[in-house]
Structures are given as structure tokens and as C-alpha cells.
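Quick one: the structure is below, questions incoming.
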Amino acid sequence: MIPFNKPFLTGKETDYITQAVQSGKISGNGMFTQKCHEFFKTKYGFKKCLLTTSCTDALEMCAMLINCGSGDEVIVPSYTFVSSALAFVRQGAKIVFADSQTDSPNIDVSQIEGLITNKTKAIVVVHYAGIAVDMDAVMQLANKHNLIVVEDAAQSIDSYYKGKPLGSIGHLAAFSFHETKNVISGEGGMLAINDERYIKRSEIIWEKGTNRASFFRGEVNKYNWVDTGSSFLPSEVIAAFLYAQLEQLDKIQTRRKQIWNKYHDGLLAQSNSGLFKLPLIPGYATNNAHMFYLVCNSLEERNSLIEHLKKDNIWSVFHYLCLHKSEYYKNQHDGRVLTNADKFEDCLVRLPFYFELTDEQLDKIIQSVISFYK
Ligand SMILES: Cc1ncc(COP(=O)(O)O)c(C=O)c1O
């Protein structure tokens, strides 16, 4: 069976973990954590970075940092992972779901203004498959209505919008290093802070509501409980793993882009004859080769394609179930039908995507898709 995902190891992970363990400092915010923070700050220009144990944690930190609570509304696309909404719901906010675009799972920016009320506090955007949302339009709306923008950049490492790294444009951004992502640490994530107003408090929230990070820098002579927070920082074992991956980012990205291009070239003719749709990459966005997906014409067709691929020993998967229809939240949704989000829930299928996928395996997958549509 060709699996859907296979975590890639650079070979240095266990060496660095051994170093972390032998250093005698294996709790959080040690040498490897600092190295990861520096890597991201230098390469992408984020003003402040804090590793977290997941992207979910980083999103929860965002919700705490913006003081989101009961009476506040947050605009979130419905076609996304639970955490993009849950992080804000946990703080008491109400989610106002936005639809996707017709030709992309990304949020339909043209609909956002119609969802803004005097209760709206923030807009969460998700760069689906690492392909940028039109951030100039989002930031203009946010400035006009005095809203905070959180980029859910779970899938967006090393991707750009008009030359700007994703995660560097909104006030705050959350990344994931879950084992299905381009760069991994098993579970893992990071908060990027681009608005200086949030920097000081972010460290406190990160360290259980204490000013421990300032204490270790010698800025205060004892540390104390000063705010809300939780234990969001990962141990050095996780940071060591992640650093081994970051060192190989260019190699990982080069191969992933080759894989993406091979899928694209192999399936373009069928897509051009209207059999299915391929991912759309707008002129303002780059492709970080996080995922390769097709959009089929119906739920039945999508499910038959998955079955067909399975018979050929190829594991393909669908993706999100729309959050506005979820068991947990459907009764709080205002009833608007979100046609495009529903379509991507029904019709999108993701093909196997991982560093070690060989050209022979890619040919086999492409041929299997083509034979399904013959
Ligand atoms: C858009 C999006 N946001 C958040 C998450 C949560 O990431 P994590 O598993 O690191 O908490 C995911 C998970 O894949 C995701 O796809």
C-alpha cells in the first residue's frame, strides 16, 4: 500500500535529542528552543516566535492574547480544522463562519465585511494547502474595522504572499509541526507575533501566567504569577527534533515541490478537459507543496475515486468536515448555507504526499487516477 503520509526523518533528530538529554536541560526554552526561534526570526522576519506543543496551543494563546471572551465574535472559515474555531470558543467567543471561494477552499474574502458586526473581535484566515489568502484585502478590512487578524498558518511554512512570508502579515500566526506537515516534530507548533503590543504578554501566557522568562534573563529578581496562561512550551526533546528538520528545510522543500509538479503535470490534461479541478495558485501566492488535491464533481465520484485508488493499493483521503454543520457547533450557527465549504467537504480528495514518495509511485498514482476517469 502507498500510504497517504510517511513522516520524513533527516537522520539528525536522535543525535540532537541525545545532545538535549545530555545537556542536563530537557524542560522547555533551552538551547534547541532558542535555535528554532532564531531560525524562524532570521529566515522569515517574525518579530517574536514561541514554540508550542501544537498549532492548537498556538491558536489558544492567540485567543488569550487578544482577550477574546463572551460577547465577542470571531470570523472563521467553516472549511478548516476544528482548532481554528475551538481555540476561540474555549475563551467564550461566538464563531461566525465564512464560506470558501468557488475555486479555492480558502475563505471568500469578499464576504467577510458582510459578517462584521460591532461585536467582531478578530478574523482567522487559513492558508489552505499553504496557498495564501489575499492578505492585503484582509488587512485593509481589519484596519478599517479595528480587528485583529490571526493567520492559521498550520500548513504554511515557507510559503509567501506577494513576497511576504505567510505568518508574518497578520497580528499573530500559528504554525503546526504535526507529523503530516512539511517540517515535523511529531506533535508541535509555534506562535509568531508580528504586532509588538502582544510580545511581552505572550511569554507570560506561554509560561503558565508567570514572568519566568524575564526572570531567567535576569530582568526581575523573582518570578511570580502575573496573568492567565498555561503550559504551552514544548520540552527540549521536541525542539531538538524540530531543529534537525529545520536545518534540512531547503532539501525537504525541493523534493516536495518536485512531487507537486509531477502530480500537476501528470494530471493537467485531464483537468483541462474538465474531468476534475486542480489546486488554483493565484498570482500573489507561492506554492509550498504542502499537499496535492483534486476537486471531483460530486461526493459519489470522490468516494468512488478513493475506493478505486484503494484497490490499486493507494491511500487517498478527503479532508475537513465543515464546522458550521458539526455536532458540537451546528446549533450555534446562524443557519446560512455555505455552499462552497460544503462542496470542498464533499468533493476534495488528497493524494499521497511525503518526501520519500518515489517517481515510480507517483507514476502509479497518476495512472490510477487517469484510469478511473477513462
Ligand atoms: C488549518 C489547521 N489549523 C490547525 C491545525 C491543528 O494543528 P495541530 O495538530 O498542530 O494542533 C490543523 C491540523 O492539521 C490544521 O489543518
Side-chain angles (χ1 to χ4, degrees), residues 4-5 7 36 40 49-64 74-91 95 97-101 104-107 122-133 135 138 149-159 161 166-167 169-170 172-192 206 230-235 238-239 241-242 245-246 279 285 288-293 317-324 326 328-329 341 344-345 348-350 353-354:
F4 170 67
N5 179 55
C36 292
F40 281 106
C49 297
L50 292 172
L51 291 191
T52 54
T53 55
S54 62
C55 179
T56 303
D57 265 4
L59 289 163
E60 286 175 9
M61 287 185 70
C62 294
M64 291 181 178
V74 178
I75 297 171
V76 180
S78 177
Y79 191 73
T80 182
F81 193 70
V82 177
S83 310
S84 321
L86 176 59
F88 300 89
V89 168
R90 288 177 87 249
Q91 293 298 113
I95 304 298
F97 286 112
D99 203 358
S100 298
Q101 298 169 25
S104 152
N106 278 349
I107 191 166
I123 304 168
V124 177
V125 295
V126 179
H127 306 293
Y128 187 77
I131 299 166
V133 168
M135 289 306 289
V138 173
V149 174
V150 175
E151 293 181 73
D152 182 335
Q155 308 171 2
S156 313
I157 189 170
D158 208 43
S159 205
Y161 169 78
L166 297 189
I169 307 164
L172 300 165
F175 288 86
S176 176
F177 308 120
H178 180 264
E179 70 169 17
T180 49
K181 302 300 185 291
N182 295 32
V183 162
I184 62 175
S185 58
E187 301 282 351
M190 185 178 75
L191 174 67
W206 192 54
S230 190
S231 183
F232 287 118
L233 71 173
S235 85
I238 302 277
F241 191 115
L242 181 63
Q245 296 262 316
L246 292 176
N288 71 345
H290 170 60
M291 128 187 10
F292 196 87
Y293 67 83
V317 291
F318 54 86
H319 209 181
Y320 305 129
L321 300 180
C322 290
L323 300 182
H324 72 284
S326 63
Y328 187 65
Y329 213 77
F344 291 109
E345 169 182 304
L348 187 144
V349 56
R350 297 180 290 160
F353 209 112
Y354 50 91

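Counting starts at 1 for both ligands and their atoms, in listed order.
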May I have a table of the N/O to N/O pairs between ligand 1 and the protein that fall below 3.5 Å, each row giving the two atom names and the distance to 0.1 Å?
| residue | atom | partner | partner atom | Å |
| --- | --- | --- | --- | --- |
| ligand 1 | 3 (N) | Asp152 | OD1 | 3.1 |
| ligand 1 | 3 (N) | Asp152 | OD2 | 2.7 |
| ligand 1 | 10 (O) | Cys55 | N | 2.9 |
| ligand 1 | 10 (O) | Ser176 | OG | 2.7 |
| ligand 1 | 11 (O) | Cys55 | N | 3.3 |
| ligand 1 | 11 (O) | Thr56 | N | 2.9 |
| ligand 1 | 11 (O) | Thr56 | OG1 | 2.5 |
| ligand 1 | 14 (O) | Lys181 | NZ | 2.8 |
| ligand 1 | 16 (O) | Gln155 | NE2 | 3.3 |
| ligand 1 | 16 (O) | Tyr320 | OH | 2.6 |

Which heavy-atom pair separates Leu323 from Phe81 by the least distance, and what is that distance? CD1-O, 3.7 Å

Phe177 side chain reached by Met190 side chain, heavy atoms, under 4.5 Å: yes

Is there a side-chain contact between His290 and Ile157 in this structure, where contact means two heavy atoms from C-beta onward sitting under 4.5 Å apart? no

Using every non-hydrogen atom in the two residues, find where Asn288 and Gln155 come nearest and quote the distance to one decimal. ND2-O, 2.9 Å

Is there side-chain contact between Leu51 and Phe232, with at least one heavy-atom pair below 4.5 Å? no

Can you check whether Glu187 reaches Thr53 side chain to side chain, under 4.5 Å on heavy atoms? no

